[in-house]
Amino acid sequence: MNRSWGSAREYGAYAVSTRGGSGGSTEAIPGAAADAVPARGRGPVVAALMLGMALAALDGTVVSTAVPQIVGDLGGFSVFSWLFSGYLLAVTVTLPVYGKLSDTFGRKPVLIAGIVLFLAGSLLCAAAWNMAALIAFRVFQGLGGGALQGTVQTVAADLYPMKERPRIQAKLSTVWAVSAVAGPALGGALASYADWRWIFLINLPVGVLALWLVGRHLVEPVREKPPGPVRVDWAGALCVFATGALLLTALVQGGVAWGWLSAPSLGLFAASAALALVTVLVERRAAEPVIPGWVWRRRSISAVNLAMGALGLLMVAPTVFLPTYAQSVLGLDPVAAGFVLSVMTLSWPVSAALSNRVYTRIGFRDSAVIGIGLAALILLAFPLLPYPGQAWQPALIMLALGGALGLFQLPLIIAVQSSVEWAERGTATASILFCRQVGQSVGAALFGAVANATITARLASAPLPGLPDDLDSASRALSSPSGLSAEAADYLRRGVATAVGHVYVGAALAGVGALVVLVLLAPRRFPVLAEHEG
């Protein structure tokens, strides 16, 4: 089986690229998916990918449950949020770097390096002696997490031809679903009955097994080495890292550690803008840039990147604000609130696995348009829920939302991965994940401001004195309502419900934005690499 590039021709619902023909020359693309690993040898590699993805997927849910025990042991309550922010920063800003490195040196060495870094960071986190050390080691762990997230997705695309990719993507999505349900319970059990340090030590046997499977079973195709020495754009990588770190720090800490119009916020935004300009200049001059210009010049990739950024922004509503709604408005405990959210992760992989039945008939773009259109309508239904309502009502909305987003995300990922050569797939995949991560950071800042503005406006006209003045304070007050009168508690609950409803409206608008991007910018039919016997 060979794969080749050329002019587009119609193939069912796709525009398939071919060059050459019978009797003509064909330019073979090395590393074709079906040639990378024989079908009989995929099983151990897929197991390794699922284990590697589990390391990244379990990380946030397990750690969040153990925060009270960690703070009780190490102190540092005022800065504990950096346990998550620092990890997120490291993952996000390294994604494009690892994507380019995997295209340059191969997937296997980058994946192995990522697992080793993640395990080393886990071991260091378990040995942390204070909160500052733990935050620093979490950043180090995130350097490995960035390699895991991007490279696992790229190897998955290498393993399977286009029509079979929903199978592996569904398996990886199932890992996220199981992690969302099992992570909080596992973290709570380890913190309560063992020690919080075990939430990091438990990564070691899982990671070692993944490392052994990758080292033994992942065999990459032999590729011709480029003439001359391999050039790595370390200057560009450093610029990307610095720019992303400053921008995400401003987004994560703005409105929390300092005001949006304060000197720290303005200084960080100005510095990130200046560094972004420097990054563009450096990348334009680099022989092998970390973020090559073709990522944004090709409509099929740039449109998907923008749509994925909108998806990241949209996802903030259920993942960040739904648990607050479930606990503060519905009165659920943290575990039950987590289950309300987790139903979305049950329908998402099922929808993703079945999405190939849709995009093989109507095409990648139209499948994604239907998915995001349904998602926007579903999000708009949330503010219409009765007050105070029952837990099954937001759970039903989340179940439907997962199904819609599975139909939206996976066809776009497969479309991009199938439209580029092996030597570009890592960079293209990383750009998708990078844009989604940045969208999540922007969404957390934007929707946090929307929610707090709603609460502030509502409480400014409150008929009762002494009520909290922001969403976090209102949520904490409702978690221990003994000091509130029944009237005050009800007023706060209604305020939280209104604030979260406004966030969901904003998320629906993000979905509409993704819909507009796909309709106006994405090609009607994506050009993909042809698979034919030759």
Side-chain angles (χ1 to χ4, degrees), residues 3 5-18 33-34 153 156-157 160-173 298-312 314-315 344 346-381 399-420 425 428-429 432 435-436 508 510-532:
R3 293 187 168 198
W5 262 116
S7 58
R9 66 177 175 84
E10 294 299 320
Y11 180 79
Y14 309 104
V16 180
S17 299
T18 60
Q153 293 281 359
Y160 289 88
M162 182 183 62
K163 291 185 179 180
E164 298 181 36
R165 282 177 192 153
R167 292 169 50 192
I168 181 63
Q169 291 292 345
K171 292 178 181 178
L172 296 179
S173 297
R298 296 182 192 175
R299 288 175 54 203
S300 57
I301 301 177
S302 60
V304 171
N305 284 345
L306 293 174
M308 285 298 173
L311 174 63
L314 176 157
M315 285 299 297
M344 179 178 66
L346 301 178
S347 57
W348 193 317
V350 175
S351 173
L354 298 176
S355 65
N356 66 325
R357 299 175 181 268
V358 180
Y359 68 70
T360 53
R361 295 177 182 272
I362 65 174
F364 293 119
R365 192 199 72 168
D366 290 348
S367 298
V369 164
I370 292 173
I372 198 62
L374 290 174
L377 293 175
I378 292 166
L379 289 164
L380 284 175
L399 188 70
L401 182 63
L405 294 179
L407 186 61
F408 164 71
Q409 177 180 261
L410 186 59
L412 293 182
I413 292 176
I414 293 178
V416 169
Q417 290 179 332
S418 302
S419 69
V420 295
R425 191 175 292 151
T429 302
I432 295 173
C435 289
R436 177 171 170 171
V512 172
L515 179 64
V516 171
V517 165
L518 291 177
V519 171
L520 297 183
L521 297 182
R524 177 70 173 78
R525 299 184 184 278
F526 278 74
V528 301
L529 295 179
E531 298 176 9
H532 59 87

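Just so we're clear, the structure is a prediction, and the values are computed from it rather than from any experiment.
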* Could you name each residue pair satisfying side chain to side chain donor-acceptor pair (under 3.5 Å) that touches residues 368-381, not counting sequence neighbours? => none
If I compare all heavy atoms of [X] with all of [Y], which pair ends up nearest, and what's the gap?
| X | Y | value |
| --- | --- | --- |
| Ser355 | Gly406 | CB-O, 4.4 Å |
| Ile372 | Gly511 | CG1-O, 3.4 Å |
| Leu374 | Ala404 | CB-CB, 4.0 Å |
| Ser300 | Val416 | O-CG2, 3.7 Å |

* Side chain Ser351, main chain Trp348, donor-acceptor under 3.5 Å ->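 Not a single qualifying donor-acceptor pair exists.
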Is there a side-chain contact between [X] and [Y] in this structure, where contact means two heavy atoms from C-beta onward sitting under 4.5 Å apart?
| X | Y | answer |
| --- | --- | --- |
| Ser367 | Ile362 | yes |
| Leu412 | Leu311 | no |
| Val304 | Phe526 | yes |

* Asked: Roughly how far apart are Leu410 CG and Phe364 CZ, rounded to 0.5 Å?
  -> 9.0 Å
* **Candidate pair Arg298 and Val420, rule side-chain contact (heavy atoms from CB on, under 4.5 Å), full reasoning** => CA-CA 11 Å; Arg298 296 182 192 175; Val420 295; 3.6 Å; yes
* Asked: Should Phe408 and Leu314 be marked as a side-chain contact (heavy atoms from CB on, under 4.5 Å) after you check the CA-CA gap, both sets of side-chain angles, and the distance that decides it?
  -> CA-CA 13 Å; Phe408 164 71; Leu314 176 157; over 6 Å; no
Compile the donor-acceptor pairs under 3.5 Å between side chains in residues 514-523 and protein atoms, sequence neighbours left out, one pair per line.
none

* Using side chain to side chain contact (heavy atoms under 4.5 Å, CB included) as the criterion, point out the one residue from Leu405, Leu399, Leu401 that pairs with Ile378. =>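 Answer to the side chain to side chain contact (heavy atoms under 4.5 Å, CB included) test with Ile378 among Leu405, Leu399, Leu401: Leu401.
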* Begin from the C-alpha positions of Asp366 and Arg524 and carry the test side-chain contact (heavy atoms from CB on, under 4.5 Å) through to its verdict. => CA-CA 8 Å; Asp366 290 348; Arg524 177 70 173 78; 2.8 Å; yes
* Partners meeting side chain to side chain donor-acceptor pair (under 3.5 Å) with Thr429 (sequence neighbours left out) ->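 Counting only residues at least two positions away or on another chain, Thr429 forms a side chain to side chain donor-acceptor pair (under 3.5 Å) with Gln417.
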